[in-house]
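Structure first, commentary second.
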Amino acid sequence: MRFLSCFIISIFTCMLLLTGCSGQTSVITTDMIAPVMEDGLCGYIDENGNIVIKPQFEDCGSFSSNGLAYACKDGKYGFIDTSGFFVIEPQFDDASIFSNGYAVVGKNGLYGVINEKGEYTVKPAYTGIQDFTACGLAVVMQDTLYGYMDSSGNIAVDIQYDAVDPFTDDGLALVAKNGTYGIIDRNGEYVIPQEYEYLEMFADNGFAMAKSDGKYGFIDQNGQIVIDFLFDGAFSFAENGLAAVTLNGKWGFIDESGQFVIEPQYELVYSFSNGRTIVKLDGQAGIIDESGTIVLAPSYPYISSYGDNGMAVFRAENGKWGFLDETGSIVIEPVYDYAASFGSNLLALVQKDGLCGAVREDGNTVIDIKYQNIGGFTKYSKE
């Protein structure tokens, strides 16, 4: 469970996100663009590597579906449109992307919320605010405690928790207080009592991984134990109905009845993705399928989870990064200093000599490796 620890992200790293600030544009021929940092300035490129808003900002973020992105000029943040011009003038000390029609902004160390016209719906008064989720609520922080507010600034769930997660689309959220975890609904009522040492949200099969008396097991949406608390560690169930668990320092996989389908034998495992998972033996990573059959014997220091396109990032013994297919065969040679998994646009961000670019599935470079940072590609509205 990844609890919220900060609310405004304005510095991004290569391969993940990015930051930047204002400018002019060429004609955009794709609805997927990403922020880039070049020579200390931020702009935007399309999927073909064409500059669509020239680097000229101190900081900038990915475009939201409403066609707006935060951008910084002379130390102040505002919001630009896809022509690169400010539609909400730079006036904030910090800013987040728009989410569900609202953006979090900061002034003088406090945070508030604006709408797409740049009007405050919540004036800066809080230590932190996270983006609004689809259910209409956002995590809010006051001093060191957390709660939830609506877009008008009304506190929907009292600020009282030591840590929280955002509400899911189902209207449920994980909360923690005094070292114990539970799950609440939008009204702040517990649907799972706050009595567990650790807890995760429900997987697709309706089971939630929980920890009690130092052991891990699984409960259903009624809070009933469906798999006894027998394990030393556990991951949530994957889409294939298997969950990784550990006993006596070794990892294996159980099915929804709690029976082992892959006996505990590995030093480390990942959750299954696209019918494959990564396992470690003697410090080396390999690949197995859902039956436990070895697809690739442990032979590399690191292999990532498989992406939707059936390719995984790996790090070779020489420290260089490349890509494997579902059989464990090398499809892109390990020549990069770092590589990220392929995105939905079938581009993978790569790094060489401290600079970033992107490759396609055939290994051909589509975005020249020349940028200090490249952010995630996002769609924006052309309307």
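Applying the ring pair (Phe, Tyr, Trp, His ring centres under 6.0 Å) definition to pairs two or more places apart or across chains, those involving residues 266-290 are Phe253-Phe272. Applying the salt bridge (Lys or Arg N to Asp or Glu O under 4.0 Å) test to residues at least two apart or on different chains, the pairs with a partner in residues 320-331 are Lys320-Asp337. For residues 207-225, the side chain to side chain donor-acceptor pair (under 3.5 Å) pairs, not counting sequence neighbours, are Lys215-Asp232. Sorted by first and then second residue, the ring pair (Phe, Tyr, Trp, His ring centres under 6.0 Å) pairs involving residues 113-140 (not counting sequence neighbours) are Tyr102-Phe132. Note on residues 281-300: pairs passing ring pair (Phe, Tyr, Trp, His ring centres under 6.0 Å), not counting sequence neighbours, are Tyr300-Phe314. Among pairs with a residue in residues 145-163, none fulfils salt bridge (Lys or Arg N to Asp or Glu O under 4.0 Å), at least two apart in sequence or across chains.
Between Lys73 and Phe86 there is a side-chain heavy-atom pair separated by less than 4.5 Å. Within the 4.5 Å cutoff, the side chain of Val245 has no heavy atoms near those of the Leu230 side chain. You'll find the side chain of Leu137 reaches within 4.5 Å of the side chain of Arg186, heavy atoms only. The shortest side-chain heavy-atom distance between Ile287 and Ile294 does not fall under the 4.5 Å cut-off. Glu47 has its side chain out of reach of Asn50: every pair of non-hydrogen atoms, C-beta onward, lies at least 4.5 Å apart. Side chains of Tyr196 and Phe229 form a contact here, defined as non-hydrogen atoms less than 4.5 Å apart. Taking 4.5 Å as the limit, every side-chain heavy atom of Ile254 sits out of range of all side-chain heavy atoms of Leu242.
Ring-plane geometry between Tyr302 and Trp321 is classed as tilted, the angle between the planes lying from 30 to 60 degrees on a 0 to 90 degree scale.
The heavy-atom pair separating Tyr148 from Ile184 by the smallest distance is CE1-CD1, 4.0 Å.
Qualifying side-chain hydrogen bond (donor to acceptor under 3.5 Å, both in side chains) partners for Glu116, counting only residues two or more places apart in sequence or in other chains: Asn66. By the ring-ring contact (aromatic ring centres under 6.0 Å, His included) test, Phe342 is found to be paired with Phe323, residues two or more places apart in sequence or in another chain being considered. Among residues two or more places apart in sequence or in another chain, the side-chain hydrogen bond (donor to acceptor under 3.5 Å, both in side chains) test is passed with Thr144 by none. Remark: Lys250 pairs with no residue by the side-chain hydrogen bond (donor to acceptor under 3.5 Å, both in side chains) rule, at least two apart or across chains. For Gln194, the side-chain hydrogen bond (donor to acceptor under 3.5 Å, both in side chains) criterion is met by Thr180, Tyr190, not counting sequence neighbours.
Side-chain atoms of Thr246 do not come within 3.5 Å of backbone N or O of Gly233 as any donor-acceptor pair. Not one N or O on the side chain of Asn187 forms a donor-acceptor pair closer than 3.5 Å with the backbone of Glu189. Between the side chain of Lys107 and the main chain of Lys123, no donor-acceptor pair closer than 3.5 Å is present. Using a distance-only test at 3.5 Å, with no hydrogens or angles considered, a donor-acceptor pair links the side chain of Thr121 to the main chain of Ser151. Side-chain atoms of Ser236 do not come within 3.5 Å of backbone N or O of Met209 as any donor-acceptor pair. Of the possible donor and acceptor atoms, none in the side chain of Ser271 sits under 3.5 Å from a partner among the backbone N and O of Ala238. Listed for the Asn274 side chain is a donor-acceptor partner under 3.5 Å among the backbone atoms of Gly307. Judged by distance alone, with hydrogens and angles left aside, the side-chain atoms of Glu119 form no donor-acceptor pair with the main-chain N or O of Ile114 at under 3.5 Å.
Annotation: Trp251 is in aromatic contact with Phe235 [ring centroid separation under 6.0 Å]. Phe98 has its ring centre no less than 6.0 Å from the ring centre of Tyr70. Between Tyr146 and Tyr161, the gap from one ring centroid to the other reaches at least 6.0 Å. Between Tyr198 and Tyr181, a ring centre-to-centre spacing shorter than 6.0 Å is recorded.
With Leu355 as the fixed residue, the side chain to side chain contact (heavy atoms under 4.5 Å, CB included) test singles out one of Ile374, Asp368, Asn373, Ile369: Ile369.
For Glu195, the CD atom is densely surrounded, since the number of other residues' heavy atoms within 6.0 Å is greater than 12.
Side-chain contact annotation: Gln284 with Ser299, donor-acceptor N/O pair under 3.5 Å absent. In the model, Ser152 has no side-chain atom that pairs as donor or acceptor with a side-chain atom of Asn154 under 3.5 Å. Side-chain N/O atoms of Asp255 and Gln259 include no donor and acceptor closer than 3.5 Å.
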Are Asp170 and Thr168 close enough, and set up right, to give a side-chain hydrogen bond (donor to acceptor under 3.5 Å, both in side chains), and what steps lead you there?
-> CA-CA 5 Å; Asp170 295 331; Thr168 65; 4.6 Å; no
Distance-only criterion, 3.5 Å: show the donor-acceptor pairs between side-chain atoms of residues 357-365 and protein atoms not counting sequence neighbours.
residue: Glu361; atom: OE2; partner: Asn309; partner atom: ND2; Å: 3.0
residue: Asp362; atom: OD1; partner: Asn364; partner atom: N; Å: 2.9
residue: Asp362; atom: OD1; partner: Asn364; partner atom: ND2; Å: 3.4
residue: Asp362; atom: OD2; partner: Asn364; partner atom: ND2; Å: 2.9

